[in-house]
Amino acid sequence: MRDQERLAAVTAVVTRAVNQTDPMGLLSIGAPDDEYEPEIRELVAGLGDAWPDPTAVLRLCETVFGRFFGARYVSPRRMKRLAGCIVMGLRELERTW
């Protein structure tokens, strides 16, 4: 798989995880589907340093969402769920590489 294809695949995994978990509860109150686009870009960019360590992925999620929304508004439970979805998605993706 070429680098561009890998980037697109990783972005799709992260996008799916973020939209499914809706970590700030914005999609559930009617925000547009692309609401988390800036956060998704930051997560994808940071995965180069965090992957494959699940704890580092969790810290990345907390850092990114804390920076965009303020750390006190970030739910540890939602961040664990998001990080878990990203890790599971990337592990599945790796099996196809």
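From a predicted model like this one, the values you see are computed outputs, not experimental measurements.
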Taking it one step at a time, do R67 and E39 satisfy salt bridge (charged side-chain N to carboxylate O under 4.0 Å, His left out)? CA-CA 9 Å; R67 187 169 46 241; E39 294 84 0; over 6 Å; no

Does D33, at its CG atom, have more than 12 non-hydrogen atoms belonging to other residues, nucleotides or ligands within less than 6.0 Å? no

More than 12 non-hydrogen atoms from neighbouring residues, nucleotides or ligands closer than 6.0 Å to OH on Y73, yes or no? no

The single option from I40, L43, V18 that satisfies side-chain contact (heavy atoms from CB on, under 4.5 Å) with V64 is L43

Can you confirm whether the side chains of W51 and E94 place a donor and an acceptor under 3.5 Å from each other? yes

Nearest 0.5 Å, please: how far is [atom2] in [Y] from [atom1] in [X]?
X   : Y   : atom1 : atom2 : answer
K80 : C61 : NZ    : SG    : 12.5 Å
I86 : R81 : CD1   : CZ    : 12.0 Å
E35 : I29 : CD    : CD1   : 8.5 Å
T11 : R41 : OG1   : CZ    : 10.5 Å

Between [X] and [Y] (side chain of the first, backbone of the second, donor and acceptor by atom type, cut-off under 3.5 Å), is there such a pair?
X   : Y   : result
E5  : R2  : yes
D22 : L26 : yes
Y36 : M24 : yes

When hydrophobic residues are tied together by side-chain contacts of less than 4.5 Å, even through go-betweens, does M88 share a cluster with V13? no

Could you pull out the closest heavy-atom pair between [X] and [Y], with the gap in Å?
X   : Y   : value
P23 : R78 : O-CD, 3.0 Å
P32 : L27 : O-CD2, 3.2 Å
L47 : L60 : N-CD2, 3.8 Å
C85 : A17 : CB-CB, 3.7 Å

Before accepting this row, confirm whether a basic side-chain N of the pair E62/R59 lies closer than 4.0 Å to the acidic partner's carboxylate O. no

